Colleague: 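Sharing a structure below in structure tokens format, with a few things to ask.
Note that the coordinates shown come from a computational prediction; the quantities given were computed from them, not determined experimentally. Both ligands and their constituent atoms are indexed starting at 1 by order of listing.
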Amino acid sequence: MRICILGAGGLGSVFGALLARQGTDITLIARPAHVAVINENGLQLTGIRGEHTIKQNLTAVADARDAEGEFDCLMLGVKSTDTTTALAGANCLRDRVAVALSFQNNIIKETQLGDWLGDASKVIGFSTFEGGMLEGPGRVNNNMTLETSSYIGELDGSPSNRVNTLADRFNQAGIATRVMDNIQQVMWEKLTQIANAAGWSVSCEIGNADLTFADAMVLREGAEHYLAVAREVLTVYKAMGYTPQNFYAPVSKLKELDSLDDDAAIATITAIGQAMLDSGYRSRTSLHDDILAGKKTEIDYILKPFVDKAAALGLAVPTVTACYRIIKVLDHYLK
Ligand SMILES: NC(=O)c1ccc[n+]([C@@H]2O[C@H](COP(=O)([O-])OP(=O)(O)OC[C@H]3O[C@@H](n4cnc5c(N)ncnc54)[C@H](OP(=O)(O)O)[C@@H]3O)[C@@H](O)[C@H]2O)c1
């Protein structure tokens with residue numbers, strides 16, 4: 001199997017490293033500095049799966065025109081804000097890609113890939129909680145995985161060999177992947193979780209660059225604000241006909257937040273924050289990290305869908321709307 005990863009940064013490099021290590025022929029399209037070090041020394045994978053240097057089955061190029069041959073799958077790994085430019089730069093690959101999927105946290109990625117390919121039937125749905133962060137050129141940290149870290153499925157829910165084949169390949173590479181007949185729900189629930197965490201943390205922690213999830217969760221007001229955002233994104237999610245499933249358990253607590261009364265939910269959030277503090281787990285969403293790094297964010301792809309859906313469905317989401325507005329202002333002055 002040959003897979004091309006377009007925009008191999010944090011997450012794309014983790015998938016590329018794990019799949020190449022397992023024996024899949026991987027082509028990474030990435031920034032020149034990353035490509036140069038990979039071609040010189042191999043790709044270094046650090047983090048929860050230990051230290052590995054991957055050289056076999058791995059080709060890295062800085063320009064899509066240098067990616068040779070046919071690909072069984074193209075995986076889109078750029079940030080949502082870079083999709084249009086990245087796909088335009090990869091037009092030479094369009095007729096050489098059998099199937100495409102995207103890592104991104106947004107709900108328009110499949111439409112964008114279908115438009116680019118000129119054939120929506122070549123696109124499959126995908127969602128992942130694997131974590132990846134570039135530590136420097138040629139070096140990526142795999143900082144998160146779960147018992148089921150990834151989901152894959154046909155957009156219409158039908159069974160297919162191509163989905164099963166990719167899932168088998170990911171599982172063989174150690175990326176625990178489940179085939180779903182409701183991948184659209186998984187993608188919306190992931191967005192619900194991310195919108196909750198990102199909207200909440202940026203709006204209450206952005207003045208202090210040292211703060212991570214736990215620092216606000218253990219405060220009564222921080223937990224109350226978390227719950228206010230959760231209640232609203234869940235209202236939108238449920239109004240679309242979905243019931244929370246905690247696909248990304250144990251990290252996801254959407255089922256609990258949905259079913260508990262306010263006091264019990266706040267106690268749950270506070271306990272999660274305390275457990276993070278006790279274990280030394282210090283993390284933020286990538287949207288929050290992007291702001292701290294002075295980079296444009298994925299705000300219009302992560303929070304805006306909830307503001308728009310709420311408006312379309314006649315639902316009031318004042319806290320989510322306030323978070324969206326605050327982050328839009330911050331984002332406006334970033335490059
Ligand atoms: N990282 C995670 O743990 C994680 C988990 C789940 C979902 N996601 C989602 O997955 C997507 C990717 O996230 P990420 O954290 O991997 O982002 P990332 O580290 O920024 O990786 C994207 C990479 O693509 C590069 N790039 C942009 N345009 C390019 C082009 N035209 N050609 C070649 N390379 C290009 C970027 O370079 P520059 O930085 O120089 O622009 C960057 O190195 C996001 O939508 C994110 O929300 C991430």
Side-chain angles (χ1 to χ4, degrees), residues 4-18 27-38 43 45-48 59-67 74-93 101-110 112-113 116 125-146 148-152 175 177 186-187 189-191 193-195 197-198 247-248 251-252 283-291 293-303 305 334-335:
C4 174
I5 299 179
L6 175 57
L11 192 57
S13 298
V14 165
F15 269 75
L18 294 172
T27 297
L28 304 179
I29 303 175
R31 293 302 193 198
H34 194 39
V35 169
V37 176
I38 293 171
L43 174 58
L45 178 69
T46 65
I48 51 177
T59 304
V61 298
D63 189 317
R65 287 170 297 187
D66 296 324
L74 177 136
M75 303 175 82
L76 181 61
V78 296
K79 291 269 173 130
S80 303
T81 42
D82 292 325
T83 298
T84 308
T85 310
L87 290 179
N91 279 343
C92 57
L93 298 179
L101 60 81
S102 168
F103 294 123
Q104 295 164 331
N105 289 319
N106 73 56
I107 43 140
I108 57 168
K109 56 200 173 103
E110 287 76 27
Q112 290 180 311
L113 281 172
W116 177 67
F126 187 69
S127 174
T128 185
F129 221 85
E130 285 290 329
M133 199 174 70
L134 274 190
E135 293 183 328
R139 192 174 164 87
V140 68
N141 187 284
N142 184 193
N143 51 21
M144 164 65 82
T145 192
L146 293 172
T148 301
S149 79
S150 304
Y151 294 90
I152 191 167
I175 303 158
T177 303
V186 179
M187 295 189 291
E189 188 166 310
K190 169 90 189 291
L191 205 63
Q193 205 176 327
I194 299 292
F247 291 112
Y248 289 112
V251 174
S252 173
S283 186
R284 290 183 281 259
T285 62
S286 63
L287 192 153
H288 192 159
D289 280 333
D290 282 345
I291 292 181
K295 286 162 62 177
K296 277 272 183 219
T297 72
E298 294 182 301
I299 178 69
D300 281 331
Y301 302 88
I302 293 178
L303 253 80
L334 297 172
K335 299 221 164 42

Colleague: Among all protein heavy atoms, pick out the one at the shortest distance from atom 38 (P) of ligand 1; state its residue, atom name and that distance to 0.1 Å.
Modeller: Arg31 NE, 3.4 Å
Colleague: With a 4.0 Å heavy-atom cut-off (strictly under), which part of Lys109 contacts ligand 1: side chain, backbone, both or neither?
Modeller: neither
Colleague: For a 4.5 angstrom cut-off between non-hydrogen side-chain atoms, does Leu28 reach Val35?
Modeller: no
Colleague: What protein heavy atom sits nearest atom 42 (C) of ligand 1, and how far off is it?
Modeller: Gly9 CA, 4.1 Å
Colleague: For the residue pair Phe15 and Phe103, categorise the inter-ring angle as parallel (less than 30°), tilted (30 to 60°) or perpendicular (more than 60°).
Modeller: tilted
Colleague: To the nearest 0.1 Å, how far is atom 39 (O) of ligand 1 from its closest protein heavy atom, and which atom is that?
Modeller: Lys295 NZ, 4.5 Å
Colleague: Any side-chain heavy atom of His288 within less than 4.5 Å of one from Thr297?
Modeller: no
Colleague: Checking contacts here: is it the side chain or the backbone of Glu130 that comes within 4.0 Å of ligand 1, counting heavy atoms only? Could be both or neither.
Modeller: backbone
Colleague: Out of Asn105, Leu11, Val78, whose heavy atom sits nearest atom 11 (C) of ligand 1?
Modeller: Val78
Colleague: Between ligand 1 and Gly132, is the shortest N or O to N or O distance under 3.5 Å?
Modeller: yes
Colleague: Distance-only, no hydrogens or angles: does the Ser102 side chain make a donor-acceptor pair with backbone N or O of Glu110 under 3.5 Å?
Modeller: no
Colleague: Quick one: look up the protein heavy atom nearest atom 44 (C) of ligand 1 and list residue, atom name and how far away it is.
Modeller: Glu298 OE2, 3.4 Å
Colleague: Give yes or no for whether the N/O distance cutoff of 3.5 Å, strictly under, is met between Lys79 and ligand 1.
Modeller: no
Colleague: Do me a favour and list the nearest non-hydrogen protein atom to atom 12 (C) of ligand 1 with residue, atom name and distance?
Modeller: Gly77 O, 3.1 Å
Colleague: If you have a sec, work out which protein heavy atom is nearest atom 34 (N) of ligand 1 and how many Å separate them, to one decimal?
Modeller: Gly7 CA, 3.8 Å
Colleague: Tell me the protein heavy atom at minimum distance from atom 9 (C) of ligand 1, and give that distance in Å.
Modeller: Phe103 O, 3.6 Å
Colleague: Considering only protein heavy atoms, which is closest to atom 19 (O) of ligand 1, and at what distance to one decimal place?
Modeller: Gly10 N, 2.8 Å
